[in-house]
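These notes are about the structure you will find just below.
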Protein chains: 2
Amino acid sequence: MDQTPDADARSGPGAPIRSGIPEHGRVPKYYAVKGQLEALLDELGEGGVLPTERELAARFEVARETLRQALRELLIQGRVRRRGRSTVVAGPKLEQPLSLASYTEGVRRQGRVPGRTLIGLERLGADPQLAGQLRIDAGDPVWHLERVLLADGERVGLESTYLAVGRVPGLEDEFDPGSSLYAYLGEKVGISFGAADERIETVLATPREALLIGTPPALPMLLLHRLTRDSADRPVERVRSLYRGDRFSFTTRLEAD
Amino acid sequence: MDQTPDADARSGPGAPIRSGIPEHGRVPKYYAVKGQLEALLDELGEGGVLPTERELAARFEVARETLRQALRELLIQGRVRRRGRSTVVAGPKLEQPLSLASYTEGVRRQGRVPGRTLIGLERLGADPQLAGQLRIDAGDPVWHLERVLLADGERVGLESTYLAVGRVPGLEDEFDPGSSLYAYLGEKVGISFGAADERIETVLATPREALLIGTPPALPMLLLHRLTRDSADRPVERVRSLYRGDRFSFTTRLEAD
DNA sequence: CCCCTTGACAGGTATAGACCACTCCGCTTG
DNA sequence: CAAGCGGAGTGGTCTATACCTGTCAAGGGG
């Protein structure tokens, strides 16, 4: 969870730097405060409630803004979480396999209960880019399904899916937005999945996204763009999944060529 | 590059929210300032130099700290970059394929010139965890190779590799730290690669890492952990790669089961 | 007994001011 | 002309203060 859980991150205290890059040495005060906070988190243990910002600032003898800078980094790393008006020590990250298996499967494998909250299901006309990706004509009707992803009831991500109405005409009537879309497409519609192209990057949540997922604004998120095809290589859906960067990691297995 | 390049991120201005999550409406001032800054960036174009923070704060009639909060988000997103003592409009992200091909290959495919700077090459004893992963005995000698990754001379990442000395005894003498390790292992040592397990997550750079890569501290990074095996499924190396989150995205292709 | 009001208090945002380390340019010096 | 020195100005950090919005628990009213 921490960015340096591994000893391999450092060459050791006295390790020689053989490049022209200077070794700075100087440590900002907020970083020292962060270290003190981390020690405190270990004492408190998972789920423990932190004292208020003002009290911590007084205890460490720094300004509240300085303490907040340290706290902000711990928040981004997922070491602490906001819960109501208090701050608590967080649990470990979830590992999600990068595979065709749905979000449901990945979360279940971690021993957690998956869930979804419907934000919106609407029918609209495809813009040229989307039409090209789904291999339909621009303006053709597409479903736009937007859901918040849950793990043990906790909001952890936001998923936005586009698929052609022509391919799944009965979606609005037949599909339960709280269940797995992949299961529906596979079992009810009879689509067999083929390859998918994915792109992963880190982005910042917009205020709207942060609000929907329930994170502080500007938390780094993992953005997954996926274009799924069926076994005949026809496009099925375009998905944009946004996961809390402090709560998720993705794993994959690469095979030799 | 922006976190909402796609219209699919939004349901539209008047889109109904069908869940119990409230629509907030309020926009912090720094977020409005960020929007004004983005408009300015478009005017300036890639490579354009921004006015100073103090001047921008005066122009938008906000405190410098407020302006800095907006600028900090643009920095994290990779929309702007620090260059010396000035701030410039940044170019697009690099896409790196998630495959066994080396860093070298990925960067070349983007039409850029890859490079590396040696930070350190040392020989040390394996700790129990590393020994288990490399299937050697604890205390057995391992190489630790740490290099800064370059694209067109720009520092974009930090790579830390561990591999058993017994497997590659001549590394220190034969290997040119500025070249591709994969090419050396494949061509000179005669290792044929098999599958690899990878994990991707976002972390914050430590001050040391930020210094080596030349980023502002606490920039979100993409952390790639990889355990590479040969075609006989024996472990070859453990790699910890840290890439600038504002400069990289990773792509992969998932095949059906 | 439950619901709702209400206010204390938490974190979020915004401001002004100060100092520091580093970069970079121009100038001096060899 | 090249190298090196120095100062101006930049972003980085830190402080102190103020006000706002949302949370939550206590207490009053139904």
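All values reported here derive from a predicted model rather than from experimental measurement. Here is the naming used below: chain letters follow the sequence lines, and residue numbers restart at 1 for every chain.
As rounded to whole Å, 13 Å separates atom C1' of dG12(D) from atom CD of E73(A). In this entry the distance linking CG of L75(B) with C1' of dG11(D) reads 11 Å, nearest Å. One interatomic measurement links the two molecules: OH of Y31(A) to P of dC14(D), which rounds to 13 Å at whole-angstrom precision. One can place NZ of K34(B) at 13 Å from P of dA14(C), the figure rounded to the nearest angstrom. To the nearest angstrom, P of dA8(D) lies 12 Å from CZ of R85(B). Put simply, CZ on R83(B) is 20 Å from P on dG9(D), counting in whole angstrom units. Rounded to whole Å, the distance from OH on Y30(B) to C1' on dC20(D) is 15 Å.
The side chain of E65(B) lies closest to dT15(C), out of dT23(D), dT13(C), dT15(C).
By the salt bridge (Lys or Arg N to Asp or Glu O under 4.0 Å) test, R116(B) pairs with no residue at all, sequence neighbours left out.
Counting only heavy atoms from C-beta outward, the side chains of E53(B) and L71(B) approach each other to under 4.5 Å. Counting only heavy atoms from C-beta outward, the side chains of Y30(A) and E65(A) never approach each other to under 4.5 Å. For the pair R123(B)/V142(B), no side-chain contact is recorded, criterion being any heavy-atom separation below 4.5 Å from C-beta on.
DNA chain D is contacted by R54(A), V62(A), A63(A), R64(A) of residues 40-64 of chain A, taking any non-hydrogen atom closer than 4.0 Å.
Salt bridge status for R199(B) with E201(B): present, with a side-chain N to carboxylate O gap under 4.0 Å. A salt bridge does not link E38(A) with K34(A): none of the charged nitrogens is closer than 4.0 Å to a carboxylate oxygen.
Listed pair R82(B) / dT23(C) fails the phosphate criterion, with no side-chain N or O lying under 4.0 Å from OP1 or OP2. Look at K29(B) and you won't find any side-chain N or O under 4.0 angstrom from OP1 or OP2 of dG12(C). For dA14(C), neither phosphate oxygen OP1 nor OP2 lies less than 4.0 angstrom from any side-chain nitrogen or oxygen of T66(B).
Ranked by how close their nearest DNA chain D nucleotide is to the 5' end, S86(A) and L67(A) are led by L67(A).
Contacts of R68(A) with the nucleic acid, taken as non-hydrogen atoms under 4.0 Å apart, include base atoms.
One finds the OH atom of Y243(B) at 10.5 Å from the CE atom of M221(B) (value rounded to the nearest 0.5 Å).
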